[in-house]
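Written below as C-alpha cells is the structure these notes are about.
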Amino acid sequence: MEKLKRVAAMAGVILLAGMYVVTLILGLTASPATQNMLMASIVCTVVVPVLLYAMMLVARVLGSSDKEDPASKKQAEEGRKSHTGKN
C-alpha cells in the first residue's frame with residue numbers, strides 16, 4: 001500500500017509539472033486557439049490538485065472507520081479508562 005501511495009504521488013507531481021509546462025508554452029505562443037487552451041490549462045492546474053486532495057480526505061475518513069486495527073482499538077480503550085479513572 002505504501003508503494004502504491006508513492007507511485008501515485010510521483011504521478012501527481014509529474015502531472016502537475018506537465019500542466020505547468022503546458023501553461024507556460026501556451027502562454028508564449030500566439031495562435032487563435034491558444035487563449036482557450038491557456039484558460040483550460042490554468043483551470044486544470046487549480047482544479048486537479050483540489051479534487052485529488054478532496055478524494056484523499058474522503059478516502060481517509062471512509063477508510064479509518066472500516067479498517068481500524070486491534071492494537072489501536074486497545075490503546076483507545078486504555079486511554080479512555082485512564083481518563084475516567086476506571087481500571
Side-chain angles (χ1 to χ4, degrees):
M1 186 66 166
E2 195 67 30
K3 188 172 184 174
L4 178 64
K5 286 181 182 180
R6 288 184 186 199
V7 170
M10 186 56 69
V13 168
I14 291 170
L15 179 67
L16 281 174
M19 284 192 295
Y20 293 143
V21 169
V22 168
T23 302
L24 177 67
I25 292 170
L26 289 173
L28 298 175
T29 59
S31 74
T34 300
Q35 186 175 2
N36 290 336
M37 289 188 294
L38 178 63
M39 288 299 125
S41 179
I42 291 171
V43 168
C44 285
T45 300
V46 173
V47 170
V48 168
V50 169
L51 288 177
L52 290 175
Y53 182 70
M55 289 187 333
M56 286 183 347
L57 285 177
V58 169
R60 185 180 303 151
V61 168
L62 293 178
S64 67
S65 63
D66 293 338
K67 299 178 182 177
E68 199 171 307
D69 62 323
S72 65
K73 285 183 181 180
K74 185 177 178 182
Q75 288 175 350
E77 288 175 9
E78 290 174 358
R80 278 187 238 131
K81 287 179 183 178
S82 66
H83 287 293
T84 58
K86 297 178 182 176
N87 288 330

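Predicted model, so just to flag it, every value in this text is computed and none were measured. Atom set for the values below is all heavy atoms of this structure, side chains included, hydrogens, waters and symmetry mates excluded.
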| said: Let me check something: do V22 and L15 share a hydrophobic cluster, defined by ILVMFWY side-chain heavy atoms less than 4.5 Å apart, either directly or through other members? | reply: no

| Closest approach of P49 and C44, non-hydrogen atoms and distance? | CD-O, 3.8 Å

| Rest of the hydrophobic cluster containing Y53 (Ile/Leu/Val/Met/Phe/Trp/Tyr, side-chain heavy atoms under 4.5 Å)? | M56, L57

| request: Answer yes if V46 and L16 sit in the same cluster of Ile, Leu, Val, Met, Phe, Trp and Tyr residues linked by side chain heavy atoms under 4.5 Å apart, and no otherwise. | output: no

| request: Quick one: list whatever passes side chain to side chain contact (heavy atoms under 4.5 Å, CB included) with L52, sequence neighbours left out. | output: V48, M55

| request: Say whether M19 and L51 are linked into one hydrophobic cluster, either directly or through other cluster members, by side-chain heavy-atom distances under 4.5 angstrom. | output: no

| message | Connecting only ILVMFWY residues whose side-chain heavy atoms lie within less than 4.5 Å of each other, what is the rest of I25's hydrophobic cluster? | response | V21

